[in-house]
Amino acid sequence: MFKILKYSFYDLARSRWSYIYFLFYLILALVLLFLNNDLSKAVITLMNVIIILVPLIGTIFGVMYYYNSREFTELLLAQPIKRSSIFLGQYLGIALSLSFSLLFGIGIPFVIYGLFNSGAIWDFSLLLLTGVFLTFIFVAIAFTISLNNENKIKGFGYAVLMWLFLAVIYDGIFLMSLVIFEDYPLDKLSLLGTMLNPIDLSRTLILLKLDISALLGYTGAVFKQFFGRQLGLFTSIFVLCLWTVIPVLRILYKARSKDF
Amino acid sequence: MIEVVGLCKQFNRNVVLSDLNLHIAEQGIFAILGPNGSGKTTLIKSILSMVIPDKGSIRVAGMDVKKSSDYRKQIDYLPQIANFPSNLKVKELIRMIKDLRGKTEKDQQLIEQFGLQPYLDAKLGNLSGGTKQKVNILLTFMFDSPILILDEPSTGLDPLALIQLKELILQEKQKGKTILITSHIMSFVEEMTDEIVFLLEGNIHFKGDIQTLKKDTGQSDLEHAIAALLEKNHV
Amino acid sequence: MGTEVCELCPVKSIQQAIAMADRGDTIWVKKGTYQEYNLLVDKPLTIIGEDYPVIDGEDQGEVLRIVADSVTIDGLFIINVGTSYTSDHAAIRVVKSSDFVIRNVVLEKLFFGIFLEKSHNGEIYHNRIIGDAKDEYNSGNGIHLWYSNNILISKNIVQGVRDGIYLEFADSITVTENVSRKNLRYGLHFMFSNNDIYTNNEFENNGAGVAVMFSKHIQMYNNLFRDNWGTASFGLLLKEINDLEIENNVFDNNTIAISVEGANRVNYLNNDFKSNGWAIKVRGACYKNLFKGNRFLHNSFDVSYNSRINDNLFEGNYWSKYSGYDLDRDGIGDVPYRPVKLFSYIVNRTPETIVLLRSLFIDILDFSEKVSPVFTPDELVDRHPLINAL
């Protein structure tokens, strides 16, 4: 598996898209810091970008990589390598290379601007952590969708729809249901709704760390109580792990029975 | 070497292989022939576990293919369409396959034989179809496994390379290997193979050497003999 | 005439000194510790502490009670005021007296600090009140006025009590240059108090902020409301207020900078609203309010309304979220600005929806509402938004 991972990673590490992605984050972070020397303010703005873009890029890269490397995958399948190793290796390769683009693209400017001497370092670390989680989650989902769709256009379409659903439509439904059921106690429902969507969960995690918790806490004790504690953080990370592991298990399951 | 028992496979509702039995014990070159959609590639891919059978068992060199991926160490496979990661250079791909399968010295000799030196530093995405096929052949013949599976090996090759390929195949035969070939080019098949496995509608309709086939069908050349096989079954 | 009090003096206690003193006398209390409580000042006197003599009330109850006019207390350090659930023990209580001065006093370990009861024409100047209150139910207020008029409260520092400065039925009060911070409930709390002026005060990090209720004719200038950050906190709460001038104040980093409920004829001029959760949150009917020349900088919500009725005027403010243009370069945006976002309207209706803050869907929603307003008050718009913050 590690050999496959290594080659997928090198393959991507030299792809110009990885560099474009890396440069995009580098420039974004530099511009943000240049315009506004306040590290913690820049973290908030970055969050808005990361929450939407990381899943989108992860989805598109995942789908594209899968379809573009189909023949290569077939070449590997004829080698004495376990199927699970091939797909897991490719998945980790792409997820890691995207994560590195993100980490270095954003990390370097922040370090230059004195991140290590700043109080924002924990918020920043959390931002990167959720960014990496989102990458792993959405690449895994994209792989699952690709594995289930022979047709490239279809696979691509479903993957983008999935992103659109989790990034936008879900929140619309969430909002509607909160408004419709406003006469009932909503703290549990809103907590659940947040937990079920990795994008919402990441956003909430960062917002709470960025001390907007007072705005959220206004809605009721349950939310604040939950996210304000260690338990809340661990539960959130656990849910993010689930969001990663379940699609990966789907990949492994599907890969075992798929014909090439 | 290869034992297929009761192999069934359907894609959606389309039955491709139905209760296929194939036993290849001896050494030599076997051509798997059949019209389009007769299940040639599916059979080969089943042997390689790239296609998962619905029913039946396959054993290669005594090993059940479902149990482990190790049996594929016994097989060198030349896929039909050679499409490689476009960012990799040729020599990196060679190094990588060697890394995955183990050491071999034969690659140098093959590089020379097919005149691939100028392309070693080229990215695979920039190669022509024929050169890609040469790389494909190189990757297959680089190792010395007892079984060779070649899916349309002559595609895109220039005459010189084709001659070299034939020589290579014959050399491997000399070493006492079992070689499976699919091809549409009957002259190639006639020239190279010892025995023919003819697939039709998901099953084997003929298995034997070319002479027997010609005699059975009363035809003087292979192309017509195959055509006769087809006609007989359609009536 | 003067009397000196110290350990080795003929007069060893303040109580004794007061008893001996004549009207208009001065008592000099030398450095030292005096275990005394329930001291009653019943004649015009000046009591001056030298080098902050400590008066230790030993948690027995009230320390100093003034029941005569023209009393001056200066430079005492009073500690250990008794806590009680039945009576409001204070370090210094002034009852039905006038023309008093309380200055340079330090109060620690107190229950109530300075308590004025039906007293007038006094001055509370340059005192330090440092409490260590933990719970609202067993803590008192720093400076507490009840039915007292014409008082100057100036340059005091109050922290760690329940309400920093508390005014009830207190008219014509001037509160200036005080610092009130880290108090459990309100930094400043006043009710039924009219014609008061608040200038140059700092209200920082209080549990709930500053509350102004049931009052009229109030002026608030140059105050700083900062870091009142908590689930139920605000910089300034206005409830049932008429005729208020709020000018040149700074609201920085409060959960809600100004929460307004039933406030009429209020002028908000040239204030800075910086990095607040809500800059202005309007609940209930508010009529004839004017918002002019304010700067709204990076608040999560600038203005939030819970109704579609608007009788308030927004004019010539600076909004950091304004994205219009100024073709004629007169410093005024050519496109009107709508400070109420659809999302803030939704959050008002269903508070739990705040969990969707900064979601892409919300941005799209706000954008579409901005293009064609359906839910937010139609006429709630700043027709002349400023292009530059300065």
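Just the heavy atoms: all of them, side chains too, but no hydrogens, waters or symmetry mates, feed the values below. Lettering follows sequence order; numbering is per chain, from 1.
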For this session: State, yes or no, whether a side-chain contact exists between C:Leu365 and A:Leu175 at a heavy-atom distance under 4.5 Å.
Result: yes
Seminar exercise, completed: Taking a cut-off of under 4.5 angstrom between non-hydrogen atoms, the residues of residues 128-142 of chain A near chain C are none
Seminar exercise, completed: For A:Ser97, the side-chain contact (heavy atoms from CB on, under 4.5 Å) test, sequence neighbours excluded, returns A:Phe9, A:Leu12, A:Ser18
For this session: Please examine the side chains of A:Phe174 and C:Val355, heavy atoms only from C-beta on, and report whether any two atoms are closer than 4.5 Å.
Result: yes
Seminar exercise, completed: If one checks every heavy atom of A:Ile51 against chain C at 4.5 Å, the contacting part turns out to be neither
For this session: Give, for atom CG of A:Leu56 and atom CG of C:Leu360, the distance between the pair rounded to the nearest 0.5 Å.
Result: 10.5 Å
Exercise. Short question: side chain of C:Arg349, backbone of A:Glu182 - any donor-acceptor pair under 3.5 Å?
Worked result: no
Seminar exercise, completed: Smallest heavy-atom separation, C:Arg358 atom then A:Met47 atom, equals CD-CE, 3.7 Å
Seminar exercise, completed: If you tally heavy-atom pairs under 4.5 Å between each of A:Leu189, A:Ile169, A:Asn48, A:Ile199 and chain C, the highest tally belongs to A:Asn48
Problem set entry | Rounded distance (nearest 0.5 Å) linking atom OG of C:Ser359 with atom CD1 of A:Ile52 | 6.5 Å
Exercise. Do other residues, nucleotides or ligands put more than 12 heavy atoms under 6.0 Å from the OH atom of A:Tyr158?
Worked result: no
For this session: Report yes if the side chains of C:Ile362 and A:Asp171 come closer than 4.5 Å at any heavy-atom pair, otherwise no.
Result: no
For this session: Measure the spacing between CE of A:Met176 and OG1 of C:Thr353 and express it to the nearest 0.5 Å.
Result: 12.0 Å
Exercise. Would a 4.5 Å heavy-atom cut-off, applied to side chains only, mark C:Leu356 and A:Asp200 as touching?
Worked result: yes
Exercise. Is the NZ atom of C:Lys182 crowded by more than 12 outside heavy atoms at less than 6.0 Å?
Worked result: no
